[in-house]
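Below: one structure, written as structure tokens.
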Amino acid sequence: MASHDLRFLQIQATKEQGQVLPGAELMDFLTSIEYVTAISTSGDYPEYILCLKYQDEDAMDKFGNMTAFEITRIIEQGPGYSLIQAISTGPLPMLVHSIESVWLQTPSLVSSTNGLFMTVHGTTKGLKQFRDGIAELLPPSIKIRISKDLKADWIAAPQLPTRRKEVIELAVKLGYYSTPRRCTQRTLAENLGVRQGTVAEHLQSAESTIIQSWADQAQ
């Protein structure tokens, strides 16, 4: 099959819209759940590598009790995250699994802050079949796009460390990235109660992470 016959479908739902999505209860104890790669797409159920992020260490026990997932291996664990291998029987993964000519793709994740972002790769016919299927699962207000290439304006934002995220969110709120700028790094430092040099380091690191993520996903 020629590569030009393949398309990307991307779904975006806000946190509020995500309350009615299948598996929304995951966000009661997870910060995010991100698809990394597929282990198996044959058999009755798909098996994926997933990255779970959380603040409560009891989150893994709660996740293990979910009927939509079966953990088959814990690859790595650290403070606030687990990299796992798991069978998924939720309605959205199973819809992808039931259509031979579509495949789950990165970036795909559910975040307690940003809601759902899902990418599916497949043939035009397969994606139409998938789109017809999700119409029965998702509210009509949720955005869906089919395109030949991944669109940069739909790129999922990378996860940032908590403090770095606070700095860049304040910078956006106070107009540091506006043209012309409405605040300085010194203003941000005063609001945060830290040195200006600390603010500069956080902004530079966050900007580097975001730009690199955009470049990697837009290739």
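Since the model is a prediction, treat every value here as computed from it, not as a measurement.
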Open item on the list: Contact between Val110 and Leu26 at the side-chain level, heavy atoms closer than 4.5 Å - yes or no?
Closed with: no
Task: Inter- and intrachain pairs under salt bridge (charged side-chain N to carboxylate O under 4.0 Å, His left out), touching residues 77-102, at least two apart - done: none
Task: Donor-acceptor under 3.5 Å (Ser108 side chain, Thr119 main chain) - done: yes
- [ ] Could you list the residues that satisfy side-chain contact (heavy atoms from CB on, under 4.5 Å) with Arg181, not counting sequence neighbours?
- [x] Tyr176
- [ ] State which residues pass side-chain hydrogen bond (donor to acceptor under 3.5 Å, both in side chains) with Lys165; sequence neighbours excluded, sorted by chain then number.
- [x] Glu169
- [ ] Check ring pair (Phe, Tyr, Trp, His ring centres under 6.0 Å) between His97 and all other residues, then give those that pass, not counting sequence neighbours.
- [x] none
TODO: With rounding to the nearest 0.5 Å, note down the distance linking CG in Leu192 to OG1 in Thr198.
DONE: 10.0 Å
TODO: Would you mind reporting whether Glu166 and His202 have side-chain heavy atoms less than 4.5 Å apart?
DONE: no
Task: Test ring pair (Phe, Tyr, Trp, His ring centres under 6.0 Å) applied to Tyr54 - qualifying residues, sequence neighbours left out - done: none
Open item on the list: So Phe69 and Leu50, do their side chains get closer than 4.5 Å, heavy atoms only?
Closed with: yes
TODO: Take atom CD of Glu57 as the centre, draw a 6.0 Å sphere, and report whether it contains more than 12 heavy atoms from other residues, nucleotides or ligands.
DONE: yes
Task: N/O donor-acceptor pair under 3.5 Å between Ser112 side chain and Met27 backbone - done: no
Open item on the list: Can you tell me how far apart CZ (Arg182) and NZ (Lys173) are? Round to the nearest 0.5 Å.
Closed with: 12.0 Å
Task: Qualifying residues under side-chain contact (heavy atoms from CB on, under 4.5 Å), relative to Thr37, sequence neighbours excluded - done: Ile49
Task: Test side-chain contact (heavy atoms from CB on, under 4.5 Å) applied to Glu136 - qualifying residues, sequence neighbours left out - done: none
Open item on the list: Just to verify, what does Phe29 make a ring pair (Phe, Tyr, Trp, His ring centres under 6.0 Å) with, not counting sequence neighbours?
Closed with: none
Task: Test side-chain hydrogen bond (donor to acceptor under 3.5 Å, both in side chains) applied to Glu34 and Tyr81, step by step - done: CA-CA 11 Å; Glu34 181 173 3; Tyr81 82 94; over 6 Å; no
Open item on the list: For residues Ile134 and Val120: do they belong to one hydrophobic cluster (side chain heavy atoms under 4.5 Å, members Ile, Leu, Val, Met, Phe, Trp, Tyr)?
Closed with: yes
Task: Considering all heavy atoms, the nearest Ser101-Gly126 contact - done: OG-CA, 3.3 Å
Open item on the list: When you group the ILVMFWY residues by side-chain heavy-atom contacts below 4.5 Å and let the links chain together, are Val36 and Ile75 in the same group?
Closed with: yes
Task: Closest non-hydrogen atom pair between Met60 and Ile71, with its separation - done: CE-CD1, 3.9 Å
Open item on the list: Quick check on the hydrophobic clustering: are Ile74 and Ile33 connected, directly or via other members, by side-chain heavy-atom contacts under 4.5 Å?
Closed with: yes
Open item on the list: According to side-chain hydrogen bond (donor to acceptor under 3.5 Å, both in side chains), who are the partners of Gln204, at least two apart in sequence or on a separate chain?
Closed with: none
- [ ] Kindly check if the number of other-residue, nucleotide or ligand heavy atoms within 6.0 Å of NZ (Lys128) is above 12?
- [x] no
TODO: Look up atom CE in Met94 and atom CG in Leu137, then write down how far apart they are to the nearest 0.5 Å.
DONE: 12.0 Å
Task: Separation of Leu83 CG from Glu76 CD (nearest 0.5 Å) - done: 6.5 Å
Task: Residue pairs passing the side-chain hydrogen bond (donor to acceptor under 3.5 Å, both in side chains) test where at least one lies in residues 40-52, sequence neighbours excluded - done: Ser40-Ser42, Glu47-Thr72, Glu47-Gln85
Task: Set of side-chain hydrogen bond (donor to acceptor under 3.5 Å, both in side chains) partners for Tyr35, sequence neighbours left out - done: none
Task: Thr187: side-chain hydrogen bond (donor to acceptor under 3.5 Å, both in side chains) partners, not counting sequence neighbours - done: Thr184
Open item on the list: Hydrophobic cluster membership, with links at side-chain heavy-atom distances under 4.5 Å among I/L/V/M/F/W/Y: are Tyr177 and Leu170 in one?
Closed with: yes
Open item on the list: In the structure I gave you, are the side-chain heavy atoms of Thr31 and Gln55 within less than 4.5 Å of one another anywhere?
Closed with: yes
- [ ] Evaluate the side-chain proximity of Leu188 to Cys183: yes if any heavy-atom separation is below 4.5 Å, no if none is.
- [x] yes
Open item on the list: With clusters defined by side-chain heavy atoms of hydrophobic residues (ILVMFWY) lying less than 4.5 Å apart, directly or transitively, does Ile99 cluster with Val96?
Closed with: yes
TODO: State, with a plain yes or no, whether a side-chain heavy atom of Thr89 is found less than 4.5 Å away from one of Thr67.
DONE: no
Open item on the list: Below 30° counts as parallel, above 60° as perpendicular, anything between as tilted: where do the rings of Phe8 and His121 land?
Closed with: parallel
